[in-house]
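Beneath this line is the structure, given in structure tokens, with notes to follow.
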Protein chains: 2
Amino acid sequence: MNELLKQNINKHVQFSASELEEFCKYFQLKTFKKKEHLLKQGDVCKFEGFVLNGCFRIFTLDQKGSDNTLYFAARDWWLMDNDSFMHQNPSHLNMQALEDSEVLMISRTDKLMLYEKLPIVEKLFRVMSQKALVAWQRRLIRNHCETAKERYQNFLSTYPSIASKITDKQMASYLGITHEFLSKIKKQ
Amino acid sequence: MNELLKQNINKHVQFSASELEEFCKYFQLKTFKKKEHLLKQGDVCKFEGFVLNGCFRIFTLDQKGSDNTLYFAARDWWLMDNDSFMHQNPSHLNMQALEDSEVLMISRTDKLMLYEKLPIVEKLFRVMSQKALVAWQRRLIRNHCETAKERYQNFLSTYPSIASKITDKQMASYLGITHEFLSKIKKQ
DNA sequence: GAAAAAAATTGAACTAGTTCAACTCTTTGT
DNA sequence: ACAAAGAGTTGAACTAGTTCAATTTTTTTC
């Protein structure tokens, strides 16, 4: 049932079969209807998730109502708010299902327990965080040196399956441009 | 001598005195003259560093020659290229001293050994990476929803001691604008 | 301490991306 | 199946930020 999770873990760090079992047994399957929130800004984050099916959008809303998409999490992606999870302060993030979705979720209590009990879990998240860090640094640089059109085309070719699931408004919010301008880019 | 390093570590994860000793003894003091590179793009990264004194600029240069500053590392900051360090591929980053600087450096070999020998080191870098991740996500959002002027003013008030060490060109490269435009912002 | 190199300033013309408003097309809920 | 809400398109006027080129100021080097 959570074969996908096990494969995902082993892409980052080599777990033994028993470590995999022990770690994965704390994950519970939850389903989310389209538009349902896994996390709402203001909530304190008490869970982390791994997407089995469907797709989520992770975004912030600021005072002026401006909507900023941090990333999309489709099948085989992790969902976490490191800030709120770590410090147990109110989250700045929203995680909303873009379609009916299935997520394997682990509670904060269990995860903290597993960090202690199973040292390789520290390594797993250390490695995943370091990889994510590299990706965020690259994205920031691309935002500086590429035009909106280039970023749009790169997104289409890098994440075609996500691109097909999201609206143009959500795409524009990810790219950091207005949806009107995205519409003009597409016309060309 | 490396009190600062020990304090920095304990800000993230509580080490015992003996763990601190054991971890810190693998760091060696190196000095860098102004303009000297700790890492050059194309090199494979075999060290990580912790700045004791001075300041570094971490930046990329792309094909078109455009210069992008990822961050500045002054006293009490870490210097690492996670990508090249992890995969041992040629780095995309440059780390250059902006003034004469002192850095405590640890070799890749020693660090990998310490991950094995001292499990709390995994935790340290897991926690540091997760905090850094949060900071990078915030920076990306700010780049989308704030004007260049706002970002400039925020930088000045958040990092006044760094601001005083860098040229306007380097500041502009960090903000993602041209130095001509920064000059116009300052005039107002 | 003079010469050379690099950094900063300024202006004019330009362009990528925004804003606002009107309209159409598609999806959703009942 | 209909009404209502949301998503996408288009155009016109605008603005934040760029580009290029000339000039001045500051820093570096020998």
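No experiment lies behind these values; they were computed from the predicted model shown. Hydrogens, waters and symmetry mates are skipped; everything else that's a heavy atom, side chains included, is used. Note on naming: letters A, B, ... go to the chains in the order of the sequence lines (proteins, then strands), and numbering restarts at 1 for each one.
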Considering only heavy atoms from C-beta outward, does the side chain of [X] approach that of [Y] to under 4.5 Å?
{"X": "A:E36", "Y": "A:Q96", "value": "no"}
{"X": "B:R57", "Y": "B:I166", "value": "no"}
{"X": "B:L104", "Y": "B:Y26", "value": "no"}

Notebook entry, point to check: At under 4.0 Å between heavy atoms, what does B:K35 touch on the DNA or RNA strands: base, sugar-phosphate, or nothing?
Noted result: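 It contacts nothing in the nucleic acid.
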Next item on the list: May I ask you to decide if the ring planes of A:F15 and A:F23 are parallel, tilted or perpendicular, using 30° and 60° as cut-offs?
Entry: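 If you compare the ring of A:F15 with that of A:F23, the planes turn out tilted.
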Checklist line | Angle of first-five versus last-five pair axes in the helix from C:dG1-D:dC30 to C:dT30-D:dA1, to 10 degrees | finding: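 Comparing the first five pairs with the last five, the axes sit 70° apart.
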Check: Does NZ or CZ of A:R139 fall inside the cone over A:Y174's six-membered ring, less than 6.0 Å from its centre and within 45° of the axis?
Finding: yes
Notebook entry, point to check: For A:F27, is the NZ or CZ atom of A:K111 found under 6.0 angstrom from the centre of its six-membered ring and inside 45 degrees of the ring axis?
Noted result: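 Judged by the rule (NZ or CZ under 6.0 Å from the ring centre, within 45° of its axis), A:K111 is not positioned above A:F27.
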Atom pair distance, as rounded to whole Å: [atom1] in [X] and [atom2] in [N]:
{"X": "A:K186", "N": "D:dA7", "atom1": "NZ", "atom2": "P", "value": "13 Å"}
{"X": "B:L98", "N": "D:dT27", "atom1": "CG", "atom2": "C1'", "value": "15 Å"}
{"X": "B:K169", "N": "D:dT26", "atom1": "NZ", "atom2": "P", "value": "16 Å"}

Margin query: Do the side chains of B:K6 and B:E21 get close enough for a salt bridge, i.e. N-O under 4.0 angstrom?
Written below: yes
Next item on the list: Can you see which heavy atom on B:E99 is nearest to which on B:S101, and at what distance?
Entry: O-OG, 2.7 Å
Checklist line | Distance-minimising heavy-atom pair for B:F85 and B:R108 | finding: O-NE, 2.7 Å
Next item on the list: Decide whether B:V134 and B:V127 are clustered together by the hydrophobic rule: side chain heavy atoms of Ile, Leu, Val, Met, Phe, Trp, Tyr closer than 4.5 Å, transitively.
Entry: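 In one cluster: no.
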Next item on the list: Following the transitive rule for hydrophobic clusters with a side-chain heavy-atom cut-off under 4.5 Å over Ile, Leu, Val, Met, Phe, Trp and Tyr, establish whether A:F47 and A:F56 coincide in one cluster.
Entry: yes
Next item on the list: Taking heavy atoms of chain B and a 4.0 Å limit, find me the 5'-most and 3'-most nucleotide of DNA chain C within that range.
Entry: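 Endpoints of the contacted stretch of DNA chain C: C:dA7 to C:dA12.
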Note to self: Let's see if you get this right: which residues in residues 136-152 of chain B place a heavy atom under 4.0 Å from DNA chain C?
What the structure shows: none
Notebook entry, point to check: Near DNA chain C, under 4.0 Å by heavy atom, which residues of residues 178-185 of chain A?
Noted result: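 Within this stretch, A:T178, A:E180, A:F181, A:K184 sit under 4.0 Å of the strand.
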Notebook entry, point to check: For A:W78, what residues pass the ring pair (Phe, Tyr, Trp, His ring centres under 6.0 Å) criterion, not counting sequence neighbours?
Noted result: A:F50, A:F125
Next item on the list: Tell me, please, which residues at least two apart from A:D83 pass salt bridge (charged side-chain N to carboxylate O under 4.0 Å, His left out).
Entry: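 A:D83: salt bridge (charged side-chain N to carboxylate O under 4.0 Å, His left out) contacts with B:R138.
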